[in-house]
Each structure stands twice: as C-alpha cells, then as structure tokens.
Amino acid sequence: MKNTQHANNEKQHAGRRGAVICGAYGRGNTGDDAILNAIIQELRQAEEDIPVCVVSRNPEETSRKNQVQACHTFRFRELWSRLGKAKLFISGGGSLIQNATSSRSLYYYLLTLLMAKKRGCKVMMYGCGIGPVYGRFHRWAAGRIINSCVDIVTLRDNDSVHELKNMGVKKPHMIRTADPTISIQQLESGQTDKLLDQLGIPADGVYIGFGLREWKGFDRAAKEIARAVQYAWEQHGLIPVFIPMEYPNDCDAAKKVIQYLTCPYYLISEQITISETISVLSRMSVVAGMRLHSLIFAVENGVPSIGISYDIKVDGFLQSIGCADATLHMQSLTGEQLMGQIDRAIRASERSRWEIIAQQLATEESGNLKQVRALLASMPQRRKKHVYSTSEGTATMKQRKRIAIFQSDLHVGGIQKSLVNLMSLEAMDRYEIDVYLFDREVFFDLSAIRPHIHIHYLKAFPYYFRVVPFGAIMKLMPRFHFASEEPYDVAIDFSNYQQDCAFGALTVPAKKRVMWIHNDMEIKYHEEPKYRILWTFFHSKFKRFSEFVAVSDGIIQPFKNKTGLKDAKVTAIPNLIDTREIFAKCNTPIDFEVDPDKFNVASMGHLYHQKGYDIMLDQLKSVCEKRKDIACYILGDGPDHDALVEQAKRNGLEDVVHFMGYQPNPYPYLNKMDAFYLESRYEGQGMVLWEAKALGLPLIFPKRLEKYNIALKGTDNIEETLLHAKRTEKVKDDLHDYNAEICRRLIHLIESE
C-alpha cells in the first residue's frame, strides 16, 4: 500500500518545476525584502537552476530586484495556475500567521496554503514567526489548515514553536531554526567604508544605531529615546545613526527624536540595499531597534543590541537568543531604562556575549536550507546516497555511514572544544553526522563545522535526575524524538558525565554504541566527593556500551579498574587540535600587551578544584620570593575564581597573577607569552598543552601529567624550572603527524564492525 502511495506521489509531481514564494513582499520594507532575498538565495543553493515565482504587491519591482518571476498578491487565477506547475510552495518568512494587524491578512495566508495543497505542491512554512492569533475560532482555523496542508515548518523563535503547538499543530515536521536573513552576504570591509563615505558618515567613528518606526504611543517614547541618545553622546561619545528599515516611512520616526537633540547625528535619508543596511549596522558599537530586522542584522554581526518592543515578535526574538534582559517596551519606556541598557551594552564582556550569539544564530539558520533540500527531495530528513569511484574507474552507489553524537552542551570546556574540533575535521565529510545537544548556548565558533554535520536540540533531563539510578531511567523514561528513525551505524556518548547523553546514545537505533572517556576515573573518584556520590547512581551505564574511547593511554587502565570492565574494548584517541584555527586567529589584534621586561607565563582552564590553580598559586609564591620578573596570566573562569583571587592576595601575588576571564579567542593572548604553565590534580589529556605547543610555547607542567600527554615532557620540579626559565625563540608546530594518527584511529573506530 505504501509503495502504491509513493508511486502516486511520484506521478503527481512528475513534470513539475520550481517554487512559488508567498509573503509580505513588494511593500518596500527592508526586513521583508531581506527575507525574500535570503529564501531565494537558499533555494538556489538547494537547486541551482530552480525557477522561482514570488507573490508580491509590486510584482514588477520584485521581479527586477530578485531576477525572478512574480505575480500580484490578489490575482488568484494566475496564482492558481502557477501552483499547478510548481513542485514547492513556500509561505514565509516573517510573521504571516497572526491577526494583530487584521484577520483578513491571516485568512489570506491560510488560503494560499490551502490552494497550494489542493494543487499538489509540497508546502513549507519557512523561517516563520507565529502569532499572536486572537480568538478561539481563528486559532482553531489556523491550526487545522496548517495541520492538513503543510509538510515542514521552520520557526525562528521558541515562542512560535509553542504557539503552533498550542493551536494543536502536530502533523507537519516542525523545527526551530532562525530568521532566514542571517544567511545574507554583506559588503566587504573596504566596500562598507566606501558606502559610509557616500552616506557622509566617517568610517572611523563610534556609533549607536537606531532602527525606529512609527507606532501608537511613539510620540511620547521619542522624547525618552532622545534623552538616552543625548546621554550616549555625552557619557560614551556614541554618535547616533538613524537607519530606516522601511524607507522613507521610518525617517519620520527618526525626525521625531532628532528634533530634541543637541548632539551630532546622522540620518540615512536615502534608499540603500539590504546588504548595505546590514553592513552599516555591522559598524555600530550598539544598536537599539524597534524594527525586528534592525536587531537581527545587528545581532548576526555580534553587535550588542537593545530591543524597544512594540510587538511580540521583538520579545520573542530576544528571548529565543537568551537576551530577554535586553528588552524594553515602548509603551512604558523611560530614558533612564534606555540609558542603563546603553551602559550595559558598551562593556567589553557584552561584545563577547553577542559574538557567541551570532555564531549560534548562523548555525541554527542553516536548518532552513537543510529542510528545503529535504523537501525538494520529497523526503524530509532523507539521507542521500553518494557516488564513489572504484579502482576500475566505474561509479558505484554507496550509503554514507551515519553517526549520532550526544553531548550535553557547547559551553566553555575542553570536552566541548574537542567536539568542535571533531566537527570541523575534513575526514568527517565521508559521514552523515547528527549531533544532539541539550543546551542551545554555544561558546565556540561553529563556522567551520563540516556540511554533513547537523545539530539538533533535545530537552535535558531535570537536574535531580543525577541522583536517579540509571537503570530506572532506562526502564521508565520515554525515548527522545530523534531526527531520523533510520538506524545509525555508530551512536556516541561524547559527554560521559550526563545521564541524558548516555540515555540518548543507548536508545537511539544504532548498530554500535561507543562512550568517550575524558578523565582519570580513579583519581577523580578519590578527589571529588560529589563524583563519588553520583557514581552510585550512574555507574551501571558503562556495561551497556559495546566500545569505549579514552582521550589518552594513561586513563585506560584507571577506567577498567574503576568500572570493573577488565575486558572492555578501549581505544586511545587523543583530542584533535585544530592548528588551522589557532594560526588563523593568533594574530587577531587585541587591546592587550605584556611587559617585555618580564618573563610572561600563561595558563588556561576552568577555575575549579581539578585544575589545581591553588597549587599553582603556592608554587608561584615560592618562586616570586626569589625571582621578581615573572608575570602569570590565567585565561578562564569558574566557581573557584573568588577564592583564587583571595589566595593570590594572601600570597602577595596581586601584581604577578592576572585573572583574564574567559576569552572567546585566547590565541592572541597565548601568542604574546613566553611559556605555558599547567598545573592539575589529574587530567584526561590536556588539550591546552597541545594548543600552546602549536604556538611554539615552551611547556611547564609536572611529570605526573606525562601519562596523559605521551610525547610531551614534564618536569620533576616546577619551582626550579620557573626559576631558571628564559625567553626562547618560538617555532610554530602544525601537529601534522599527531592529528593524522588521530584521524586514522577515528576512521578505524567508525568503519570497524
């Protein structure tokens, strides 16, 4: 029966070509035009020569700007005809399913979904925001039509996901991604400088950008915004730039603020392109926006942003990226509130926070393209077969091996960095990989992850599940909803610590199940009371895995001793070190210099008991009593930060030890140092040593840590080594042989049955 239905579907779609895109287009709104630009761009990535027709209020202009066909929004006969020839209908992006503006708009877009389904198109709602939809009947109607007509829905924020579910939408394949405009290419730096010059804005200025619009109550808010604008100039030297997202209408809103100003300002009073708008916003130090896309364009560039919300979509966006604290509401806005937000936004730490969010958004947005590719193939989440050449030169079809990796998060940490390096490895291109995370916050740059690696998010177990026996979890918990029901070749618990990661790796359909081991379990058990308690609840999980990977030879025997799995199959695969990233980033300009008259030593890691920074501070006390030219820079943060700062003061090291906090890019700091210093109670490996080695830094670490880092030489006497250490010429090392051997072992692990 299924084969017959499939054949009928194939017959129905035979001869169809192209896509019809319907949204709020042709109205001169930069945000909506940007959405259209992004969707067309991604469609053409999915299928290079795909014919596209856009439903628009101004079809002639839309056609000219985007090199597509277009038909008028209300020419239903023409739309009906085009839908009969297309294979794909896209509704989106933006907030189309809502009746805050009018119910007529809501039912227009619902009608187009019905028409597309009736005419046999595959239907996708693309990068949408949902709601608000008021009224019981309107909500019922929207839910019913979406349920019956739509194949895939990608949503730009969590509120939209919840809104659809609350409407009873269950049948479409539904995932959270991000606004499609994140993918739009902007101008190169030199072109942006030239654009700013043409607009009369000095390229080297320090600016605060505003994306304002007229709305009920804006006249009152304009005075409050003006007070904050004046404050930004007087206190922080920020010159306001008013950037219209809907030209010329937004200029009127800007002028209502400008009339109260005595500070210098710039108003962009001409129509500029989408890429130009994004590029201008990228040069702001801070952006305050009512217009949603003024915020999205700023955030995608890592610019600290402030939302002045007039609509739920602004709240929803900022909440979805973990920045609800950057939201103000226009109806109750005061100058003092906005001043406080500006004070927060200009802090150096805020820039790092927003740069991390930008990386996360780019990763999430790629889900839109993945889903449209799947739908064009008429099989959501389908895995394609690929052609390989045999030794005789003939082409054969071979299925890529499929891997599922479960990891708790991509926060700061060695385990997380190890996984990011693995996802960036070119050798992974031969596999299809699904990475399942339990937290959306991402610290690392994910721009280099390979194209066949897909990130998905699962709901984490409640915190108290740490003290629930693992056997009970396996018996009682419902299975996760995985990206595919097709069995994986390998399922990996990369975390080792979290109950939900092990549960996922053991319950996903898979032929082989592997757990990564990152630490010396015997010493960890001895050193950490908390770990001893938790061991009681989770230790039974180890016997359920078929293989194990240890990140160094030195932790294999402690693992077997502690678990009792004497005959376990354990492979030593050290952590990859991405030297290309290190070399690319190590010369990034930073506002930091070391004293050239001192011997400058770096250390890097999480500030907690295992890493032994308290031991380091006592060693430095002894050394600095005899040697006065040492400076130590600690890159990292953690729960022991305050205690370590206090210990440094007690040891008289206030001018010796500098706590630098987490740095998204630590390599320029390391590159300025004379040596790298690691102290730790125990390790799994010690990635930071290898990263420092890549930069040519001499390594100072205790000999007892050698077993975790074979081929690196430690010292029997840290204090003596520090006393006599001298600055030497640094020679970078690309670690080619080291990484090549890791690749070989990794591929063998995956390929072996």
Side-chain angles (χ1 to χ4, degrees), residues 401-409 414-416 418-419 422-423 428 431 433-438 456 458 460-461 465-466 468-480 482-484 486-522 524-525 531 534-575 684-685 742 745-753:
K401 285 211 168 189
R402 302 178 60 246
I403 305 167
I405 300 176
F406 294 83
Q407 163 60 20
S408 56
D409 57 64
I415 295 174
Q416 291 85 345
S418 173
L419 178 56
L422 180 65
M423 292 193 292
M428 293 297 98
Y431 308 114
I433 301 175
D434 286 321
V435 176
Y436 293 94
L437 302 175
F438 294 85
H456 311 276
L458 301 173
F461 287 169
F465 268 50
R466 294 179 174 215
V468 175
F470 190 74
I473 290 174
M474 288 294 293
K475 288 179 181 178
L476 300 176
M477 286 298 293
R479 302 305 187 245
F480 292 125
F482 301 109
S484 171
E486 184 182 346
Y488 291 95
D489 294 280
V490 185
I492 296 171
D493 173 3
F494 200 81
S495 166
N496 170 270
Y497 298 110
Q498 302 298 122
Q499 301 276 53
D500 35 25
C501 290
F503 179 79
L506 290 169
T507 56
V508 71
K511 300 173 185 176
K512 181 164 67 174
R513 306 183 193 279
V514 182
M515 177 184 279
W516 244 250
I517 308 300
H518 297 276
N519 255 311
D520 186 321
M521 284 188 175
E522 282 191 309
K524 187 176 181 69
Y525 186 87
Y531 189 74
L534 296 178
W535 177 271
T536 305
F537 299 97
F538 68 64
H539 72 274
S540 67
K541 68 183 177 184
F542 298 109
K543 65 183 180 183
R544 299 172 185 266
F545 286 82
S546 52
E547 289 187 42
F548 300 88
V549 168
V551 296
S552 67
D553 294 275
I555 65 174
I556 293 178
Q557 196 56 50
F559 165 75
K560 291 184 175 183
N561 293 343
K562 189 63 201 156
T563 60
L565 300 174
K566 303 295 184 182
D567 299 322
K569 185 177 180 181
V570 187
T571 304
I573 304 181
N575 293 306
Q685 185 189 10
I742 291 171
R745 295 186 191 185
L746 190 60
I747 291 169
H748 182 267
L749 172 82
I750 295 169
E751 299 290 346
S752 63
E753 297 299 329

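Atom NZ of Lys543 is surrounded by 12 or fewer heavy atoms from other residues, nucleotides or ligands within 6.0 Å.
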Show, in sequence, the C-alpha distance, side-chain angles and deciding distance for Asp434 and His456, and conclude whether the side-chain hydrogen bond (donor to acceptor under 3.5 Å, both in side chains) test is met.
CA-CA 7 Å; Asp434 286 321; His456 311 276; 2.8 Å; yes

Pair Met428, Met423 - check side-chain contact (heavy atoms from CB on, under 4.5 Å), show working.
CA-CA 7 Å; Met428 293 297 98; Met423 292 193 292; over 6 Å; no

Applying side-chain contact (heavy atoms from CB on, under 4.5 Å), run through Leu422 and Leu746 and close with a yes or a no.
CA-CA 10 Å; Leu422 180 65; Leu746 190 60; 3.1 Å; yes

How far apart are the C-alpha atoms of Ile750 and Tyr431, what are their side-chain angles, what is the distance that settles it, and do they pass the side-chain contact (heavy atoms from CB on, under 4.5 Å) test?
CA-CA 9 Å; Ile750 295 169; Tyr431 308 114; 3.6 Å; yes

With side-chain contact (heavy atoms from CB on, under 4.5 Å) as the test, would you mind laying out the steps for Met521 and Thr563 before giving the verdict?
CA-CA 9 Å; Met521 284 188 175; Thr563 60; 4.1 Å; yes

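The main-chain N or O of Ala505 is found under 3.5 Å from a side-chain atom of Arg513 such that the two form a donor-acceptor pair. In terms of modelled atom types and a separation under 3.5 Å, the side chain of Asp520 and the main chain of Ile555 share no donor-acceptor contact. Judged purely by atom type and a 3.5 angstrom limit, Arg544 has no side-chain atom pairing as donor or acceptor with the backbone of Leu506. Distance alone, capped at 3.5 Å, is enough to place a donor-acceptor pair between the Gln407 side chain and the Asp409 backbone.
Relative to the six-membered ring of Trp535, Lys562 meets both conditions, a distance below 6.0 Å and an angle of at most 45° to the axis. Cation-pi check for Arg402 over Tyr488 is met; the charged atom lies under 6.0 angstrom from the ring centroid and within 45 degrees of its normal.
The minimum heavy-atom distance linking Asn519 with Gly684 is given by the pair OD1-N, 3.4 Å.
Ring-plane geometry between Phe542 and Phe548 is classed as tilted, the angle between the planes lying from 30 to 60 degrees on a 0 to 90 degree scale.
Two residues are said to be in side-chain contact when any heavy atoms from C-beta on lie closer than 4.5 Å; Leu749 and Ile573 meet this criterion. Side-chain contact check for Val490 versus Val514: some heavy-atom pair is nearer than 4.5 Å. Under the 4.5 Å side-chain criterion, counting only non-hydrogen atoms from C-beta, Thr571 is not in contact with His748. Between Ser540 and Met474, the closest side-chain pair of non-hydrogen atoms is not below 4.5 Å. Contact annotation: the side chain of Val551 never approaches that of Pro574 to less than 4.5 Å [non-hydrogen atoms, C-beta and beyond]. Taking the side chain as every heavy atom from C-beta outward, Lys566 and Asn561 approach each other to under 4.5 Å. The closest side-chain heavy-atom distance from Phe480 to Val508 is not below 4.5 Å.
Put simply, NE2 on His518 and CD1 on Ile415 are 4.5 Å apart, with the number rounded to the nearest 0.5 Å. Once rounded to the nearest 0.5 Å, the distance linking CZ of Phe470 with CE of Met477 reads 11.0 Å. Taking CD of Gln416 as the start and OG of Ser408 as the end, the distance is 5.5 Å to the nearest 0.5 Å. Rounding to the nearest 0.5 angstrom, the gap separating the CD1 atom in Ile492 from the SG atom in Cys501 is 12.0 Å. For the atom pair NZ of Lys560 and CG of Leu565, the computed distance is 9.5 Å after rounding to the nearest 0.5 Å. Remark: Ile433 CD1 to Ile405 CD1 distance equals 5.0 Å, nearest 0.5 Å.
The ring-ring contact (aromatic ring centres under 6.0 Å, His included) test with Phe538 singles out one residue from Phe503, Tyr497, Tyr531, and that residue is Tyr531. Partner of Trp516 under the ring-ring contact (aromatic ring centres under 6.0 Å, His included) criterion, out of Phe494, Phe406, Phe559, Phe545: Phe494 alone.
Taking the six-membered ring for Trp and the full ring otherwise, the centers of Tyr436 and Phe482 sit less than 6.0 Å from each other.
Lys569 has a carboxylate O that lies under 4.0 Å from a charged side-chain N of Glu547, or vice versa, which qualifies the two as a salt bridge.
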